[in-house]
Amino acid sequence: MSTLMQHKKTNPVIDPESIRRDFPILNRTVNGNQLVYLDNAATTQKPQIVIDELARYYSEYNSNVHRGIHTLADEATQAYEKARQKVANFIGAPKTEQIIFTRGATESINLVAYAWGRKNIGKGDRIVLTQMEHHANLVPWVALAKETGAELEYIPIDEQGCLDLDDIGEIISRNTKLVSVTQMSNVLGTINPVEKTIEIAHDRGAIALVDAAQSVPHMPVDVKSMDADFVAFSAHKMLGPTGIGILYGKEELLSGMEPFNYGGEMINEVRYDFADWAALPHKFEAGTPNIAGVVAFSPALDYLRNIGMANVRQHEIELTGYTLDRLSSLGSIRIFGPMNPELRGGAISFIDNDVHPHDLAQLLDQSGVAIRAGHHCAQPLHRLLGIGSTARASFYIYNTKEEIDQLIDALKEARRYFGHE
Amino acid sequence: MSTLMQHKKTNPVIDPESIRRDFPILNRTVNGNQLVYLDNAATTQKPQIVIDELARYYSEYNSNVHRGIHTLADEATQAYEKARQKVANFIGAPKTEQIIFTRGATESINLVAYAWGRKNIGKGDRIVLTQMEHHANLVPWVALAKETGAELEYIPIDEQGCLDLDDIGEIISRNTKLVSVTQMSNVLGTINPVEKTIEIAHDRGAIALVDAAQSVPHMPVDVKSMDADFVAFSAHKMLGPTGIGILYGKEELLSGMEPFNYGGEMINEVRYDFADWAALPHKFEAGTPNIAGVVAFSPALDYLRNIGMANVRQHEIELTGYTLDRLSSLGSIRIFGPMNPELRGGAISFIDNDVHPHDLAQLLDQSGVAIRAGHHCAQPLHRLLGIGSTARASFYIYNTKEEIDQLIDALKEARRYFGHE
Amino acid sequence: MSDALDTLYREVILDHYKNPRGKKKLDHADVKNEGKNPVCGDEIEVEVEFDGDTVKDLSVSCAGCAISVASGSMLYEVIKGKSFDEVRKIAKVVKAMLKGEEYDADGIDLGDLDVLEGVRQFPVRIKCALLSWVTLVDAIEKADTNESSKLSTTE
Amino acid sequence: MSDALDTLYREVILDHYKNPRGKKKLDHADVKNEGKNPVCGDEIEVEVEFDGDTVKDLSVSCAGCAISVASGSMLYEVIKGKSFDEVRKIAKVVKAMLKGEEYDADGIDLGDLDVLEGVRQFPVRIKCALLSWVTLVDAIEKADTNESSKLSTTE
Ligand SMILES: Cc1ncc(COP(=O)(O)O)c(C=O)c1O
Ligand SMILES: Cc1ncc(COP(=O)(O)O)c(C=O)c1O
């Protein structure tokens, strides 16, 4: 065990045992064993207060928002807008109007690709991504490049799985219009120096999007000091309901953009041959939104705020360090991404020399241990690493070292089952 | 009271009193009075089984879908796909692959406008709508027309608020590429002869989209016999959760289309400079979907199936006839849309000669009666009718004649309050 | 009906609604401005005749709910004869009053306007009460900018 | 571990996984086909050498999980020497078996293939077991169509 871990062990920043009591699903058994949920990079579990708010919404104040005078409509609208305020506070957005609710990080990025990208990126322009992007921050740009004739360029990764910034001055060239970078890789765990890439992007006259789907849930993020032009993330990866994403954008950019989806609630005036748009943020929220999802995101944000994002981060550094140590000690495991837990988040991808990731996931499930196997929506990165798929364990506030021990035991057991000691 | 109503009164097709017990929100009081919820065209309330399924999902089997091997992922995926099957059955879709989950009817229509419209509609092509469309089925086409130079043409409405089909043979011209018509108006209540417009559209080589946001929740709809190319509707208007819409499409059309949103789950293979697409329906469902919303839509569909959509329709014909009679008897009220309840659904828009719709809605709220006031996302129709806004009462399975009586009493009271007898 | 409702629909408001003041056409309007509330369909037209930087006369024609009509009618009564600066000051006070923020009304004759305080409890209706004010201030700002740009070109 | 798991990972399957048959290169392959399972990243390459409409020899190289590798290995053993029609028939039986549908295996030598029945209880793994079969049948259909299109052009 590393020194860092020994130090932290005596001084736990959060108490997962008491947190666990707030998550009803953690009492569940899977194949006769208590669930050990280590698939948090895919989606996190929900505390009772989030489930309760959903039920309360539908039992007490369900109504369509924004256009209603009656009491239910007023209550629903206020709760909906209060959630927007909480999101703005959570990420340090100067104004609530800069927070747009979408279906998920994926739609947030597509919104930018359609409403900003298709107007501002043309033939010969460059879009800069990194080699470790999730399909959500890759395929929209591949499609845009194909449509417009723009070129894609990738910031490479080094042996450790960190961005190699040596040539970044050339990669982010003068004809670069957009730099879009994940703040934390969902495969390698790597935390990227987005401030630096944003600064260079701005210096070149490009705008910068941050895929924060794995960072906002796991560490303190301040969009203002980061100076990102757009930031995308998902509620379901941070204790919130499914079907809610956030797009933060700089006000002058959002104001200057045409809408993405068109319909009710996003207009100012409509005639049979003309339409103009509502002010921010409504311009980008056409149709009835996922109201229940938004209002039940509020208690999730409260919950994380109470714990403190710095503490969330610290807890995951500890768990990650512990897991890296224990996985390494197995001998048969190859780990991807940085080995220093300070440089990475708690999504750890690995392969076993003898048991394929799918078989690992299947065998671990028998012990109640839920991990993910596959390419984790990062096929190009996997091809680059020379492998078809990895197994991935990923953590959140309710995970414990005991659960990591169970993971390790289950991995050993899986190897034994396949005839390897 | 009309003869129809007297006949039906003796033979109620469904029992709203017993249905009401399944909807916890209906016990709520508003301003000291029991809630009378008459804003169902905006969104409907939810039965306990839907709320319970949401809670059960998050307490027992919450997981990201499609790519997981562990038990939770498998259970979530199966529940998600079972809901798709139920939707297909509900509307008579030949294959589950033809059911695409979106955020709502609005997004379903935008999907078609982007992924089909922008490829197939060009300068000089015609898009035919009706004068009674909701902004969701109007603004996407206004935007598309502006972008491409296509022309918009509208099927007019007559005095009654029904489509005037006299010139439809010219309106749906040879250069028409798309005919998009609402099956039931959310303002006038009018039920349109979509089969006929679809037939003419097909005869002209155009495709036909049906905005079924107000029809699928309120009457039997069979997409196959209707022969629509695309059908859009929303779960939240039919007892289901917010944030879920459906796009049904003919298989050869959907298969031939490029995707709308790009990201995870919708790809077959991705490289740094290339991507191709998953099979239907996944091609159109990029990113983590609103899983909880989809799985909790299942019990809503079961609930409606148990009642029977023909019975839902019959119940609303009765309520609508009763309401039209009672509103007419007030003398001060002008009603929009057909006066024959067989020709329309239960969304009744009206104005009072002396009290503005907003003040009506405000005053009715004091009596616990929730109606909507405004343009109901149909500004052009309101301008055509020569009014800025209307008041709208709209019904669903749990509404009763007693509630209509309360509405009428509250309207009288509102007039008195404003000094009119 | 309830007390809350009675604070929204005060006698004075209903009176202004039924007999809106200032609903006329000016013969010599210097500026004209239209405002609308897209959410509810309310529409308003304001005409203003200036005398230097004073509102010599104005007209307010509003098709809308009781709150927007009454607010416009009270606006007419209070604003007629006021200087641009006074108009801005009063509009600011009305805005603050409606949003429940602190305001200083020293030396300002609010006329019937204090009854608008009741709207505060009905957040969706604040826009109704504001419509005429936003439209008027917008008209005056337009006139003022034109004026100053004229000045700068004649110098 | 559990019984369910033991029906998925039968001894025979683990044996085929560890010692996959047919993992070779053909000198005279008539067709070659690649298959992949995008969900999990498994990849397979199948080569076939024909003798008329019989599979004279084939190779199966699979990078994947135990189920897909074992299924491909068993495929090799069963398919070698079979006619196109027999291949189609066997593939159909395997598909039905995996999906839990009725099938008629009369007169067909399934070799070890019946152990794949255990996969049925693990719906996400069915695709793994099918990968080699889909890839092989696709290869044969291609060859067959080329053949017939050749025929039609020479006529
Ligand atoms: C780094 C990263 N970006 C984007 C996404 C997409 O998020 P969602 O599926 O919620 O749209 C994910 C989650 O899978 C992710 O890990
Ligand atoms: C006729 C009609 N079409 C489309 C819509 C849009 O539905 P949603 O807001 O759920 O996307 C509505 C609902 O407001 C409607 O009434």
Side-chain angles (χ1 to χ4, degrees), chain A residues 24-25 28 30 42-43 45-46 51 54-55 58-60 62-64 67-72 103-104 106-107 110 135-136 138-140 142-143 152 154 234 236 241-243 261-264 267 270-273 275 286-288 290-293 358 361-362 365 370 372-374 377 379-380, chain B residues 24-25 28 30 42-43 45-46 51 54-55 58-60 62-64 67-72 103-104 106-107 110 135-136 138-140 142-143 152 154 234 236 241-243 261-264 267 270-273 275 286-288 290-293 358 361-362 365 370 372-374 377 379-380:
Chain A
I25 204 171
R28 162 170 184 167
V30 165
T43 198
Q45 299 304 339
K46 322 301 171 198
I51 303 170
L54 278 172
Y58 285 126
S59 309
E60 296 182 17
N62 170 59
S63 169
N64 215 323
R67 289 173 189 286
I69 285 173
H70 60 75
T71 299
L72 297 188
R103 180 180 30 252
T106 302
E107 196 194 20
N110 276 276
H135 291 165
L138 201 127
V139 190
V142 170
L152 295 173
Y154 292 86
S234 294
H236 73 92
T242 58
N261 284 326
Y262 301 88
I267 54 91
V270 178
R271 294 170 183 260
Y272 287 123
D273 57 359
T288 305
N290 182 357
I291 307 166
H358 281 88
Q362 190 84 64
D365 185 56
R372 195 144 286 236
C377 294
Q379 277 187 9
Chain B
I25 204 172
R28 161 167 186 171
V30 165
T43 199
Q45 298 305 337
K46 320 302 171 198
I51 304 170
L54 279 172
Y58 284 126
S59 308
E60 296 182 16
N62 170 59
S63 169
N64 215 325
R67 288 172 191 287
I69 284 173
H70 58 77
T71 299
L72 297 187
R103 179 179 33 252
T106 301
E107 197 195 21
N110 277 277
H135 291 165
L138 202 129
V139 190
V142 171
L152 295 172
Y154 292 87
S234 292
H236 71 93
T242 59
N261 284 326
Y262 301 87
I267 54 90
V270 177
R271 293 170 183 261
Y272 286 124
D273 57 358
T288 306
N290 181 356
I291 307 166
H358 281 89
Q362 190 83 63
D365 185 55
R372 194 142 288 235
C377 294
Q379 278 187 9

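Since this is a predicted model, take the numbers as computed values, not measurements. Atom set for the values below is all heavy atoms of this structure, side chains included, hydrogens, waters and symmetry mates excluded. In what follows, chains are A, B, ... by sequence order, proteins preceding strands, each numbered from 1.
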**Asked** Would a distance-only check, ignoring hydrogens and angles, find a side-chain to backbone donor-acceptor pair under 3.5 Å from B:Gln45 to A:Asn62?
**Response** yes
**Item:** Heavy-atom proximity to chain B below 4.5 Å, by part of A:Leu138
**Value:** side chain
**Prompt:** Looking only at heavy atoms, which two atoms of B:His135 and A:Gly264 are closest? And how far apart?
**Reply:** CB-N, 3.9 Å
**Request:** Starting at CD1 of A:Ile267, measure out to CD of B:Gln379 and round the result to the nearest 0.5 Å.
**Result:** 4.0 Å
**Complete:** Honestly, the part of A:Asp273 sitting under 4.5 Å from a heavy atom of chain B is backbone
**Whether A:Gln362 side chain and B:Ile69 backbone form a donor-acceptor pair below 3.5 Å** = no
**Request:** Answer with side chain, backbone, both or neither: which region of B:Arg103 has an atom nearer than 4.5 Å to a non-hydrogen atom of chain A?
**Result:** both
**Fill in**
Among B:Thr288, B:Asn261, B:Thr43, B:Leu72, the residue with the most heavy-atom pairs under 4.5 Å to chain A is B:Asn261
**Fill in**
Pair count under 4.5 Å, heavy atoms only, with chain A: among B:Pro140, B:Cys377, B:Gly287, highest is B:Pro140
**Asked** Does any N or O in the side chain of A:Asn110 come within less than 3.5 Å of the main-chain N or O of A:Thr106, such that one atom is a donor and the other an acceptor?
**Response** yes
**Asked** Just by distance, do the side chain of A:Thr242 and the backbone of B:Ala292 share a donor-acceptor pair under 3.5 Å?
**Response** yes
**Request:** Tell me, for B:Tyr272 versus chain A, whether the close heavy atoms (under 4.5 Å) come from the side chain, the backbone, both or neither.
**Result:** both
**Prompt:** Is it the side chain or the backbone of B:Val270 that comes within 4.5 Å of chain A heavy atoms, both, or neither?
**Reply:** both
**Asked** Which answer fits B:Ile291, side chain, backbone, both or neither, if we ask what part of it has an atom under 4.5 Å from a heavy atom of chain A?
**Response** both
**Complete:** If you tally heavy-atom pairs under 4.5 Å between each of B:Lys46, B:His70, B:His358 and chain A, the highest tally belongs to B:His70
**Asked** For A:Ala275 and B:Val139, which heavy atoms make the closest approach, and how far apart are they?
**Response** CB-CG1, 4.0 Å
**Complete:** chain B shares the most heavy-atom pairs under 4.5 Å, among A:Pro24, A:Ala55, A:Gly374, A:Gly104, with A:Pro24
